[in-house]
Asker: 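There's a structure below that I have some questions on.
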Amino acid sequence: MIKQKRKSKVRLVLLIIFTLLGFYNGLVTRKYTVKTDKLLGNQSIRIVLISDLHSHIYGKNQSKIANKIKKQNPDIIALAGDIADDMVPIEGTELFLKAIKDIAPVFYVTGNHEIWTGEVDNIKEIFRSFNINVLENDYKEVNINGIKLVIGGVDDPYIIRYKRPKSDWHEEIYEAFLNIDSSSSYNILLSHRPEEVNLYNSLSFDMVLSGHSHGGQLRIPFILNGLFAPDQGFFPKYAGGLYEHENYTHVVSRGVSFNPRLPRIFNPPEIVVIDIQGK
Ligand SMILES: [Fe+2]
């Protein structure tokens, strides 16, 4: 009888711990290391990837999230879309950009929610006013730590529906990056959508950085990597994590969105840190 009671208590405690862990929504830092023979053995680059902020504010003037990013000492900060939102005031985005703009060079692409504002050009101007590199189906060549990088970025596909209804998003992107030389540089693409793997496979990028999936909202450790993601549906293949494809490495951020009406379960908001190292 006493043994039985003790067992029940242990079960209850385990259930409480499991539930607390499941609903933990503090910012976490997730790290990936990617090896490439395009870099020398002693060379490396550190990228911090942030996606899907949706203008949420983390601490006074975004200090909580900015301090965590700064602590990682990144060479580049990549913003993979949905940083601003069509339903949330822009203030959170402005505070965020102000807080991170001097940590490292920042590169940004739009997500669907920025385009849904109907004022995507104004939003891009706000990003530019904080010295953020706005990539819109184009790329920049940069040299970091003596390493030649091509950093490309694409607008979210909704840009076509809102601004260029007679165009083809896939075609535009394919043409935009046709002339990139993949032999002498390490090439990184920012694109909000994780599900466009066939398109990315046809381009000359070594790494693609995405968001949009919010980690599939609900996860069960070791069993289910996401229940539902926009544009992928139930049990999304690319809910979040690192995926090795034929021609590139894909890092999909689970994002830093926080919406009390849509709880994240076993899926805390994450700051992604990627170390690209020479072999
Ligand atoms: Fe999105």
Side-chain angles (χ1 to χ4, degrees), residues 25 27 30 48-58 65 77-90 92-93 96-97 106-124 126-127 132 134-137 152-164 169-170 172-173 189-200 208-219 225-241 243 250-265 267-272:
N25 267 190
L27 269 175
R30 193 174 307 277
V48 162
L49 167 62
I50 301 288
S51 182
D52 303 274
L53 178 69
H54 293 277
S55 257
H56 182 68
I57 299 175
Y58 283 97
I65 188 167
I77 300 173
L79 306 180
D82 284 358
I83 301 302
D85 191 276
D86 53 318
M87 306 291 278
V88 184
I90 193 81
T93 297
F96 176 67
L97 299 179
V106 184
F107 295 84
Y108 160 76
V109 290
T110 52
N112 48 306
H113 281 270
E114 280 114 355
I115 293 167
W116 290 350
T117 61
E119 297 177 9
V120 68
D121 290 336
N122 291 342
I123 286 183
K124 285 179 179 177
I126 291 171
F127 276 75
I132 310 296
V134 176
L135 298 166
E136 34 192 0
N137 298 3
V154 303
D155 270 316
D156 187 85
Y158 270 101
I159 198 90
I160 297 294
R161 195 180 296 182
Y162 280 70
K163 296 197 75 177
R164 300 190 288 279
W169 185 75
H170 294 84
E172 274 193 11
I173 290 165
L189 179 72
L190 277 62
S191 179
H192 187 58
R193 302 300 182 104
E195 67 275 12
E196 293 286 347
V197 290
N198 291 338
L199 172 69
Y200 308 143
V208 179
L209 307 176
S210 301
H212 190 51
S213 63
H214 294 205
Q217 211 64 40
L218 183 155
R219 302 176 68 225
N225 185 29
L227 178 68
F228 183 87
D231 298 292
Q232 291 187 74
F234 284 99
F235 312 114
K237 202 169 175 185
Y238 307 108
Y243 307 86
H250 202 170
V251 179
V252 180
S253 167
R254 296 182 175 94
V256 288
S257 64
F258 181 81
N259 180 348
R261 283 168 297 162
L262 205 59
R264 302 176 64 127
I265 299 170
N267 181 29
E270 65 177 22
I271 291 169
V272 175

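Ligands are counted one by one from 1 in listed order, and the atoms in each one are counted from 1 as well. Atoms considered below: every heavy atom in the structure, side chains included; atoms not considered: hydrogens, waters and symmetry mates.
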Asker: From Leu49 CG over to Leu190 CG, what is the distance, rounded to the nearest 0.5 angstrom?
Answerer: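 Rounded to the nearest 0.5 Å, the CG-CG separation comes out at 7.5 Å.
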
Asker: Are any N, O or S atoms from His192 nearer to the Fe ion (ligand 1) than 2.8 Å?
Answerer: yes

Asker: Measuring from atom CD of Glu114 to atom OG1 of Thr93, what distance do you get when rounded to the nearest 0.5 angstrom?
Answerer: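 The CD atom of Glu114 sits 7.0 Å away from the OG1 atom of Thr93.
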
Asker: How many angstroms lie between CD1 in Ile271 and OH in Tyr58, if you round to the nearest 0.5 Å?
Answerer: 8.5 Å

Asker: Is it the case that atom CZ in Arg164 sees more than 12 heavy atoms from other parts of the structure closer than 6.0 Å?
Answerer: yes

Asker: As a test of reading the structure, name the N/O/S atom of His212 that is nearest the Fe ion (ligand 1).
Answerer: ND1

Asker: From the Fe ion (ligand 1) out to just under 2.8 Å, does an N/O/S atom of Asp82 turn up?
Answerer: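 Checking Asp82: at least one N, O or S atom is under 2.8 Å.
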
